[in-house]
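Below: the structure, in structure tokens.
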Amino acid sequence: MWQVNTSMAVLRNTVTDADGDKANLTFEVWTTDAAGKPKEQVKLTDDNQYGVLVSDYVDSGKTAEVAVDSGKLKPGVTYVFRTSAYDGSLYETSWSPWAKFKIRDRAVDIKLPEPDRDASTLDQDQFQLPQEIPQPVMVPADVPPRPKAGTRRLDGREGWNCGEINVATGIQPCSRIVPDGGKKARKAIARAEAATRLGSVEWCRGMVKAHIKRLEACISTFTYEYEGIIIRDGKPTGEIINASWAINQQYELSNSTSQIFEELTLFPVEPIDPRFGSVTLNVDFFCRIDCTTHVNTTHWDSPLEWIPGDVHFAKGTIMRSWNDSDQPQHVDYLDFSTKITGYAKLANPAASQWETTDAQVRCDTVSQTSAGCTFHKYVPTWTFNTKKFPAAAAHAWLVQAKLPNHPGSKQHGKPMFFLPVVNSQNHDPSENRKVICPQGWAKKYGHPETTLLTDTDLRSCDEFAFAASYNSGGMPAAKGGLNPVISGDQCLQSYSKRVKQGEWHLYDDERKPAPTFAEVCGRSAMSNWVNTQSMQAFPATFSQKYRLLDRDPYWINTPGFEDCNAAAATVQCTAKP
């Protein structure tokens with residue numbers, strides 16, 4: 001039995017004419033029964049009443065052939081065919097022996113729901129989960145802050161900043177920042193959260209350690225420790241008294257203004273040691289590079305002095321702005337640090353300063369004409385609206401999950417990289433589309449069974465990864481392209497079809513050889529409405545909102561395909577609506 005790798009099979013047989021005349025062949029194709037015997041004739045054409053294909057005339061001893069049109073033969077089905085010759089005057093009185101062949105099975109069959117054209121636009125904010133970043137690190141407190149590892153003081157105590165000994169009390173003050181304050185810090189913050197709302201960043205409540213989103217940061221459960229080393233006769237006695245505060249630090253940025261709001265709350269981990277008398281904290285907020293602090297915006301809601309037995313918490317706020325917000329096509333990176341100086345009634349000051357390096361802020365007037373700022377190390381997630389555009393989502397999922405380069409996959413650590421119209425490579429993203437989806441391709445070459453949604457709808461070519469990305473197959477390697485191909489013909493080919501009302505499928509294009517799944521791009525024929533509308537909201541709700549700049553990474557999320565197994569040799573599953 002012949003194995004045929006495309007439904008547009010080419011059928012051949014050799015012509016032999018006793019008189020040496022030229023002849024043509026008539027080709028009949030039949031389905032088969034369970035025993036492999038001919039069962040029912042397949043209508044191959046409407047050009048004649050018999051539904052048969054007729055070859056051109058060929059010389060005796062040569063091979064005659066016909067090509068079966070798309071849609072006549074089905075994937076995974078076994079057929080038989082036979083031929084009969086005609087030399088222009090006489091018909092052969094018998095048929096050739098049957099030849100058996102099977103069309104390849106489908107490699108992709110993803111069942112999809114009917115597109116819900118009335119479904120609302122997704123709120124992309126709902127899919128932006130907090131991203132954990134390293135906890136704060138101490139930086140020198142007496143020079144412009146730079147992120148460094150821990151510091152060593154003259155007294156040899158690793159990670160502590162120590163002040164002068166109080167000669168009257170024999171107490172040497174030291175302070176430090178502890179990135180993970182442990183259970184005591186978490187309990188201190190939890191007590192305050194139970195009593196009142198903590199901060200303005202809602203998702204920060206109950207959060208442990210440091211996390212960011214694109215416009216918000218929550219840096220929590222680290223501690224400022226202030227302790228006194230008891231000195232007698234110039235030597236430490238080994239006795240240490242201490243006080244410590246758990247810290248929660250929150251930031252809010254604006255994607256449409258240059259304003260930066262910061263809030264810091266101090267929570268005593270436990271009552272201070274009475275031998276300090278009392279402890280007062282002084283908090284200084286710093287911003288490196290082009291920041292302005294708004295006049296009269298620094299405010300504390302409670303005193304920064306604690307006496308023995310006192311466990312009140314204190315919240316401070318400050319509002320700042322990016323200075324260069326009026327400069328067109330400008331980008332700045334802002335680093336924030338905080339210094340706490342502790343001093344007791346019976347001990348001298350000791351200060352520690354920290355910075356959360358991965359909470360660096362980027363402000364720009366490039367992604368939009370108006371200024372705005374983001375936590376640029378946060379990688380946002382674009383989520384497909386599977387309910388409204390199931391075919392587009394299925395195509396993206398298939399390429400992302402099945403192909404070896406996994407474009408946009410968070411699971412595989414393969415982000416998409418944004419390619420704006422104005423970019424460092426001076427490369428128009430539309431040039432990428434011309435490689436994968438040349439103009440007119442869908443109409444001329446797209447699968448003819450592609451389902452359209454309306455009378456005015458057209459077949460459209462959908463490429464994935466997106467043309468506006470460095471992941472696009474059309475992006476040249478010389479310009480930073482990650483998956484370059486010379487033609488969309490090298491991509492995984494698919495199309496979407498409604499098999500009945502309420503049931504659609506994404507199929508691999510059976511007119512082509514089966515995909516190897518070693519391809520690095522995808523090209524799919526689908527409804528133009530589905531294709532174009534699925535990405536219409538991308539600028540307003542994503543790339544501009546989160547102020548993506550050239551080569552910024554982001555993830556692609558395709559809900560509804562959790563039950564689809566990309567590891568299977570044949571991708572066959574049902575998407576959830």
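Quick note: numbers below take in every heavy atom, side chains included, and nothing from hydrogens, waters or symmetry partners. All residue numbers refer to positions in the sequence shown, counting from 1. Owing to the predicted nature of the structure, the values given are computational and were not obtained by experimental measurement.
Under a 4.0 Å N-O distance rule, the pair K576/D563 qualifies as a salt bridge. In summary, R104 and D508 engage in a salt bridge, as defined by a charged side-chain N under 4.0 Å from a carboxylate O.
The cationic group of K402 lies under 6.0 Å from the six-membered ring centre of F517 and within 45° of the ring axis, placing it in a cation-pi geometry.
Between Q131 and F375 there is no side-chain heavy-atom pair separated by less than 4.5 Å.
Ring-centre distance between F101 and W2: not below the 6.0 Å cut-off. Between Y554 and F542, the ring center distance clears the sub-6.0 Å criterion. Between F81 and Y79, the distance separating the two ring centers is not shorter than 6.0 angstrom. For an aromatic pair to be called close, the ring centres must be under 6.0 Å apart, and Y507 with H447 fails this.
A side-chain donor-acceptor contact under 3.5 Å links N471 to the backbone of F417.
Applying the disulfide bond (SG atoms under 2.5 Å apart) test to every pair with at least one member in residues 412-457, sequence neighbours left out, gives these pairs: C437-C461.
Using a 3.5 Å distance cut-off with no hydrogens or angles, the side chains of Y445 and D489 do not pair a donor with an acceptor.
The side chain to side chain donor-acceptor pair (under 3.5 Å) test applied to W382 returns no partner, not counting sequence neighbours.
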